[in-house]
Amino acid sequence: MSTNTKTPIPWGFLPVSREEMHERGWYYYDFLLITGDAYIDHPSFGAAVIGRVLEAEGYRVAICPQPSFNDSESIANMGKPRYAALVTAGNLDSMVAHYTASKRKRKEDFYSPAKKAGLRPDRATIVYTRLVREAFPDLPIVIGGLEASLRRFAHYDYWDDKVKPSILVESAADYLVYGMGEAASIALANMLSGKEDISNIQDLAGIGYIRTNSHTSRFKTIDCASYEKVSSDKNAYANASMIQYNEHDPVRGKAIVQEHNGLSLVINPPMKPLDTKELDRVFALPFTREVHPMYDLLGGVPAIEEVRFSVIHNRGCFGACNFCALAFHQGRMVTVRSHESIIEEVKGFTLHPLFKGYVHDVGGPTANFRQPSCQQQLKQGMCVNKNCLTPEPCAKVNGSHTDYMLLLRKLSSIAGVKKVFVRSGIRFDYLMLDSNGEFFADLVKNHISGQLKVAPEHCVNSVLYYMGKPKNEVFEKFSDKYKRLNKRYGKNQYLVPYLISSHPGSTISDAVSLASYLNETGKQPEQVQDFYPTPGTLSTSMYYTGIDPRTMKPVYVPRSREEKAMQRALLQWKRPENRNRVIKALKEAGREDLIGNTKGSLIRTAVNRRFPNKR
């Protein structure tokens, strides 16, 4: 995508065309960064982060956002970079960006100008890589971002309903960077540019490659079942999923080898997460924090609105929800930015002409994580086959919220700031481990904008077990305390639960129990999401195999379109269009007692007003 060269060159941004490079006096550049998102120069967008990180290392980086995917011309027009092309589908997996859980085409793309859909291809990483190969046949290609990260091994693909090979094999790229890839990208860039010996690539954490020689890496290795085996044997797939999940650890993880049709795919252990100083350095890079002006006449890019006045203060998540890709991408170790770094960012908000005094969010993968779950993990890594919070919280978990509370108080005291809100996910079971309860009180008094969104996901404990969520009793205790605190401080703030229907382990009877629970407690879900089997999660492994990879025992999986529709309808039982499906589901579950006019009924029956005893 090129800009109109008659307009002033936006110097604060990385160049997006050959013309912009020439205006800077560049007659060569080092790395071409291709992304499926529109170009937003903000630290919430992976392509911008990697571009700025490499720029800080002295490399010249050009951005090619949303190139044409019908031919390689728009990529070739950028000119050949000296060292490599870096390819990402963008902030989302391209298939998730394009399709709903029911595989319907989405009508909008918030990462594209004016929300226009269709500006990136399906399976964007593969398509872009092949176009780069067409434009520059001998240029090294590195793939990264969420799509590459979650598809680094052979994986079940929901949209094709089959197991697909590693995206590194399928795209025929040279290298894959996974996770939050700043450190690995710098190290790889130094090797590709000749600053460091590329023959040591096998010793680089956080990358994947195809082994072509007998070089012995510094990492211990472990084999998992081959692509051919996991494609034909669901037990093998479930076993491989657990190996991949357990070895995703920067302290104790091993390199995993998976054969693909005679090729040896090697995925090295993850790079250690950036520490506080390193994170501060990334967020202090000269981001413009704006949408590139080439989109001004195209309607802008809506994705900026959610993050323009929001702060990312942490990375990683030890919550370990089985349906969430975070554990397989960012990892379970939490690292945080310093108070000083975040304060400087918010002070910058106050200088922005659009800032109205409200910091929309101080969050991240999980908003209230401000330290590792325990000190042991720093030396020994995360525990194998054990989660920090579920099914019961580990006794070693540090539940203090004092640091987060003090951070929010400091931000609230900045001149020009009226309110600081927390809108990203609060892990309510972790909040309940905070012994003095002072943060919970602060949260209710000062940091909620009318409603607090939390994610209990279900109420049936057997389903919550498969989800990797805490027991429903914990949510009930949290909900009761939330109500008491609102009453104490004269607030009328709602609790909005997020729920998942049709997750592995959830039967029609379980969905009925959830609907009945919501009805009895007066809770109204703002969002019901059908389970979406995205690559790289344990829940997706359950969905494909019908096996819980943690125990290798069978698990019930709702598969038919009609059953999924019934489970979803049950959670939105008040909608008139769902009435017939809800009645069908209640009859199938043997719960016709919930059809009628008694207290607790989900479906009301019509009453003959002239003859009340007749229906």
Side-chain angles (χ1 to χ4, degrees), residues 1-3 5 9-39 41 45-69 71-90 120 124-145 147-148 168 171-177 181-198 201 204 207 209 285-286 292 294:
M1 183 178 292
S2 62
T3 60
T5 56
I9 295 299
W11 291 104
F13 293 83
L14 297 172
V16 296
S17 67
R18 188 181 292 191
E19 292 81 7
E20 285 191 12
M21 287 186 261
H22 289 172
E23 287 285 338
R24 288 165 170 76
W26 291 12
Y27 293 95
Y28 70 87
Y29 74 109
D30 300 317
F31 293 98
L32 176 62
L33 205 167
I34 298 165
T35 174
D37 292 338
Y39 177 29
D41 189 43
F45 300 87
V49 171
I50 297 302
R52 290 298 185 185
V53 164
L54 293 178
E55 178 189 49
E57 294 296 312
Y59 293 108
R60 293 181 175 184
V61 182
I63 303 280
C64 183
Q66 298 187 323
S68 167
F69 49 88
D71 57 58
S72 61
E73 183 177 354
S74 56
I75 293 173
N77 284 343
M78 298 292 290
K80 185 179 180 181
R82 291 204 296 174
Y83 301 131
L86 314 176
V87 175
T88 173
R120 82 184 89 211
T125 303
I126 295 170
V127 173
Y128 291 151
T129 300
R130 291 172 179 172
L131 291 175
V132 173
R133 194 68 77 197
E134 181 181 315
F136 311 120
D138 59 344
L139 184 69
I141 302 173
V142 182
I143 58 176
E147 182 167 274
L168 183 61
S171 68
D174 296 283
Y175 306 105
L176 181 152
V177 172
E182 295 98 338
S185 294
I186 290 170
L188 193 52
N190 289 339
M191 291 180 178
L192 291 167
S193 66
K195 291 182 181 179
E196 297 177 15
D197 187 354
I198 191 119
I201 188 74
L204 181 58
I207 67 136
Y209 62 96
L285 293 172
H292 192 283
M294 65 180 166

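Remark: E182 pairs with R315 by the side-chain hydrogen bond (donor to acceptor under 3.5 Å, both in side chains) rule, at least two apart or across chains. Residues passing the side-chain hydrogen bond (donor to acceptor under 3.5 Å, both in side chains) test with R60, sequence neighbours excluded: none. Applying the salt bridge (charged side-chain N to carboxylate O under 4.0 Å, His left out) rule to K195 yields no partners; only residues at least two apart in sequence or on another chain are considered. Scanning for salt bridge (charged side-chain N to carboxylate O under 4.0 Å, His left out) contacts around D197 gives an empty result, with sequence neighbours left out. Under the rule for a side-chain hydrogen bond (donor to acceptor under 3.5 Å, both in side chains), T35 has no partner lying at least two apart in sequence or in another chain. Listed by chain and number, the residues in a side-chain hydrogen bond (donor to acceptor under 3.5 Å, both in side chains) with D41 are Y39, R52, T288 (sequence neighbours excluded).
In terms of heavy atoms, M294 sits closest to V16 at SD-CG2, 4.0 Å. Scanning both residues, I50 and S185, for their nearest heavy atoms gives CD1-OG, 3.8 Å. Of all non-hydrogen atoms in V132 and V87, the two that sit nearest each other are CG2-CG2, 4.3 Å. Nearest approach of G79 to Y29, heavy atoms of both residues: O-OH, 2.7 Å. Pairing each heavy atom of S74 with each of M78, the nearest pair is O-CG, 3.6 Å. The nearest pair of heavy atoms linking V177 to A184 is CG1-CB, 4.0 Å.
Residue R82 holds its CZ atom at 14.5 Å from CG of L32, rounded to the nearest 0.5 Å. Note that CG of L188 is 4.5 Å distant from CD1 of I201, once rounded to the nearest 0.5 Å. Here the CG-CZ distance, from D138 to R133, works out to 9.0 Å after rounding to the nearest 0.5 Å. One finds the CG atom of D30 at 10.5 Å from the CG atom of L86 (value rounded to the nearest 0.5 Å). Annotation: the span from M191 atom CE to L204 atom CG amounts to 5.0 Å, rounded to 0.5 Å. To the nearest 0.5 Å, atoms OH (Y128) and CD1 (I143) are separated by 14.0 Å.
Residues D37 and T88 have side chains not in contact (no heavy-atom distance under 4.5 Å, counting atoms from C-beta outward). Side chains of N190 and Y59 form a contact here, defined as non-hydrogen atoms less than 4.5 Å apart. Proximity of L192 to Y175: side-chain heavy atoms (C-beta onward) are separated by under 4.5 Å at one or more points. Contact annotation: the side chain of F136 approaches that of I75 to within less than 4.5 Å [non-hydrogen atoms, C-beta and beyond].
Judged by distance alone, the side chain of R18 and the main-chain N or O of Y27 form no donor-acceptor pair under 3.5 Å. Distance alone, capped at 3.5 Å, places no donor-acceptor pair between the D174 side chain and the V142 backbone. Counting only distance, with no hydrogens or angles, the side chain of R120 and the backbone of G90 share no donor-acceptor pair below 3.5 Å.
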